[in-house]
Protein chains: 2
Amino acid sequence: MAKTKINQDTEGQILNAAEKVFQKKGMDGARMQEIADEADINKAMLHYYYRSKQLLFEAVFANAFSLLAPQLNKIINDDSSVEEKIKNFTNNHISFIAKHPYLPNFIIQELNRNPKFFEQIQKNAGFPSLEKFKTQVAAEVEKGILKPIAGEQLFINIISLNIFPFVATPLIKGFLKLDDKGFKKLMEQRKTEVSEFIINSIKK
Amino acid sequence: MAKTKINQDTEGQILNAAEKVFQKKGMDGARMQEIADEADINKAMLHYYYRSKQLLFEAVFANAFSLLAPQLNKIINDDSSVEEKIKNFTNNHISFIAKHPYLPNFIIQELNRNPKFFEQIQKNAGFPSLEKFKTQVAAEVEKGILKPIAGEQLFINIISLNIFPFVATPLIKGFLKLDDKGFKKLMEQRKTEVSEFIINSIKK
DNA sequence: ATCTTTGTTAACCAAATGGTTAAACCATAA
DNA sequence: TTATGGTTTAACCATTTGGTTAACAAAGAT
């Protein structure tokens with residue numbers, strides 16, 4: 001209450017609220033009123049700052065994606081060895097997700113709903129290509145450090161093993177009969193186990 | 001046109017149409033009118049056969065889940081060795097997905113939206129537990145066939161490597177700059193590569 | 001033939017929802 | 001003090017949407 005009429009980063013407040021609601025309910029499930037309530041603000045303000053639901057959503061999505069992309073960049077454009085990359089990425093990922101639990105599912109879900117989002121985002125940022133990683137893997141295979149594997153497949157394996165459990169959390173919890181605590185424990189173990197699992201498989 | 005007024009499996013027609021629309025757009029994105037159009041049927045019929053959107057959706061979801069569960073059961077309750085299970089599951093999965101491309105994403109998405117669905121389904125069918133697989137893995141580790149690994153983690157790894165690429169298809173296509181054809185080719189390779197990757201890692 | 005049950009349709013309805021508007025508010029510069 | 005310009009609000013609007021209704025048509029039962 002006692003809200004001053006001064007604009008103290010109303011725009012940011014809206015973006016935070018929109019993030020929360022959109023990431024939880026998706027574009028279709030989210031309601032403008034709910035976002036307004038979450039931001040403790042009049043609904044008309046949403047339109048004042050971001051013309052439409054679509055544009056507000058796009059702001060949230062771009063923001064979310066800009067958090068995920070650098071994570072993957074560590075695999076793609078870092079200078080360390082493949083083994084180090086795997087260890088680093090795997091170890092960091094769990095901690096990262098803990099701070100953004102809805103993020104992977106949100107991005108995947110909305111990218112499925114409208115694959116064109118990828119093109120739009122690809123333009124904005126100088127977007128990373130997998131080329132470097134592919135040549136790096138090929139080189140390490142050549143040197144006899146790694147068993148033969150295509151860079152693409154290894155990349156897919158790394159992100160699958162790391163991201164999937166957080167996308168399919170309810171499925172895994174259901175099949176494994178885990179509560180929040182049990183699930184968290186299992187994910188904590190994966191911080192080291194997953195990288196061992198991968199390296200075990202590819203190292204000569 | 002020239003539609004007879006006879007009931008020739010209208011209910012099934014509706015279910016098929018609903019499946020198509022719900023799996024593509026999700027509960028929130030789907031429109032009853034669109035389902036009716038897809039089924040080439042009057043909208044009121046949807047309510048005549050399945051009272052509400054919610055109930056129609058639940059019928060579709062249960063149906064979808066009943067397709068996925070047996071797949072996972074092959075890992076859990078089959079009598080073959082762990083190695084054979086991995087090979088079989090991996091090899092079959094791609095072909096299965098080709099017939100139901102929206103299925104994994106649909107199930108995961110809706111399970112995230114409402115985790116209670118799992119409980120409801122768990123009651124209906126005599127639901128499989130992971131116990132058997134866990135003891136099997138423990139036994140093979142004991143015998144020295146496999147390197148030490150927990151059954152839960154191995155299970156998660158298997159389904160992650162197999163399912164994730166089909167859940168995150170647009171993300172992977174984007175990062176790897178693949179068109180439909182390139183993606184399909186890569187997935188075809190995975191039929192054998194994924195099982196080799198896993199077995200490489202765990203076999204002593 | 002006629003009555004009854006089941007299936008089907010067009011028209012309709014109330015609620016929800018994204019979006020608009022016009023007036024009020026308030027800090028600040030003139 | 002007052003004019004100004006961005007900010008905020010309550011009320012409003014048009015459309016969409018899930019759901020209902022009443023009339024009607026087709027078979028089967030009597």
Side-chain angles (χ1 to χ4, degrees), chain A residues 1-63 106 109-110 113-114 116-117, chain B residues 1-63 106 109-110 113-114 116-117:
Chain A
M1 48 202 70
K3 280 210 304 278
T4 55
K5 300 294 168 69
I6 307 165
N7 163 26
Q8 39 172 345
D9 197 24
T10 308
E11 198 170 333
Q13 247 177 282
I14 292 174
L15 202 66
N16 283 343
E19 216 160 275
K20 204 166 170 179
V21 176
F22 274 132
Q23 290 195 16
K24 211 171 189 168
K25 310 220 167 166
M27 169 68 170
D28 292 329
R31 295 289 157 248
M32 292 298 266
Q33 188 58 60
E34 190 179 352
I35 294 171
D37 291 347
E38 178 73 38
D40 196 26
I41 234 171
N42 189 288
K43 182 165 72 83
M45 297 299 281
L46 304 182
H47 292 95
Y48 180 75
Y49 283 99
Y50 304 82
R51 294 174 56 98
S52 67
K53 186 184 184 185
Q54 178 66 21
L55 287 175
L56 177 54
F57 173 81
E58 281 172 23
V60 169
F61 186 82
N63 207 45
F106 172 66
Q109 169 55 21
E110 296 301 330
R113 209 177 53 86
N114 182 6
K116 284 182 187 171
F117 276 133
Chain B
M1 50 203 68
K3 282 212 302 282
T4 53
K5 301 295 167 67
I6 306 164
N7 162 26
Q8 37 173 347
D9 197 25
T10 306
E11 199 170 332
Q13 250 176 280
I14 292 174
L15 202 66
N16 282 343
E19 217 159 276
K20 205 165 169 179
V21 175
F22 274 131
Q23 291 195 14
K24 212 171 190 169
K25 311 222 166 163
M27 169 68 170
D28 292 329
R31 296 290 157 248
M32 293 298 266
Q33 187 59 59
E34 190 180 352
I35 294 172
D37 291 346
E38 178 73 38
D40 197 25
I41 233 170
N42 189 290
K43 182 165 70 84
M45 297 300 282
L46 304 182
H47 293 93
Y48 180 75
Y49 283 100
Y50 304 82
R51 293 175 57 101
S52 67
K53 187 185 184 184
Q54 178 66 22
L55 287 175
L56 177 54
F57 173 81
E58 281 172 22
V60 168
F61 186 81
N63 207 45
F106 172 67
Q109 168 57 18
E110 297 302 330
R113 210 178 52 88
N114 181 6
K116 284 183 186 168
F117 275 134

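Labels below follow one simple rule: chain letters A, B, ... track the order of the sequence lines, proteins then strands, and each chain is numbered from 1. Note that these values count all heavy atoms, side chains included, but never hydrogens, waters or copies made by symmetry. Values in this document were obtained by computation on a predicted structure and should not be read as measured data.
Residue Met45(A) has its side chain nearest to dT9(D) when only dT20(D), dT8(C), dT9(D) are considered.
Heavy-atom minimum distance, Gln54(B) versus Glu58(B): NE2-OE2, 2.6 Å.
Atom CZ of Phe22(B) is separated from atom C1' of dG18(D) by 11 Å (rounded to the nearest Å). For the pair Gln54(A) CD and dT17(C) P, the computed distance is 18 Å after rounding to whole Å. Distance CG (Leu56(A)) to C1' (dG19(C)): 13 Å, rounded to an integer number of Å. Atom CD1 of Ile41(A) is separated from atom P of dT7(D) by 12 Å (rounded to the nearest Å). The distance between atom OH of Tyr49(A) and atom P of dG19(C), rounded to the nearest whole Å, is 18 Å. Taking atom CD of residue Glu58(B) and atom C1' of nucleotide dG18(D), one finds them 16 Å apart after rounding to whole Å. Spacing between atom CG of Asp40(A) and atom P of dT8(D) amounts to 12 Å, rounded to whole angstrom units. Taking atom CD of residue Glu34(A) and atom C1' of nucleotide dG18(C), one finds them 15 Å apart after rounding to whole Å.
Between Tyr48(B) and Thr10(B), the closest side-chain pair of non-hydrogen atoms is not below 4.5 Å. Two residues are said to be in side-chain contact when any heavy atoms from C-beta on lie closer than 4.5 Å; Tyr49(B) and Leu15(B) fail this criterion. Using a 4.5 Å heavy-atom threshold, the side chains of Leu56(A) and Phe22(A) count as touching.
Of the side-chain N and O atoms in Tyr48(B), none sit less than 4.0 angstrom from OP1 or OP2 of dT6(C). Remark: Thr10(A) is in phosphate contact with dT8(D), judged by side-chain N or O atoms under 4.0 Å from OP1 or OP2.
Considering only residues two or more places apart in sequence or on other chains, Lys20(A) meets the salt bridge (charged side-chain N to carboxylate O under 4.0 Å, His left out) condition with Glu38(A). Partners of Glu34(A) by side-chain hydrogen bond (donor to acceptor under 3.5 Å, both in side chains), not counting sequence neighbours, listed by chain and number: Lys25(A). Every residue two or more places apart in sequence or in another chain that forms a side-chain hydrogen bond (donor to acceptor under 3.5 Å, both in side chains) with Glu19(B) is listed here: Asn63(B).
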For nucleotides 14-17 of chain D, list the nitrogen or oxygen atoms of the protein found under 3.5 Å from its nitrogen or oxygen atoms, one pair per line.
residue: dT17(D); atom: OP1; partner: Arg31(B); partner atom: NE; Å: 2.7

Between the protein and nucleotides 10-14 of chain C, list the N/O to N/O atom pairs that are separated by less than 3.5 angstrom.
residue: dA10(C); atom: OP2; partner: Asn42(B); partner atom: ND2; Å: 3.3
residue: dA10(C); atom: N7; partner: Asn42(B); partner atom: ND2; Å: 3.3

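Classification of the Phe117(A)-Phe57(A) ring pair by plane angle, with boundaries at 30° and 60°, yields tilted.
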Name the atoms and distances for all side-chain donor-acceptor pairs under 3.5 Å in residues 26-33 of chain B, with sequence neighbours left out.
residue: Arg31(B); atom: NH1; partner: Asp28(B); partner atom: O; Å: 3.3
residue: Arg31(B); atom: NH2; partner: Asp28(B); partner atom: O; Å: 3.3
residue: Gln33(B); atom: NE2; partner: Asp37(B); partner atom: OD1; Å: 3.0

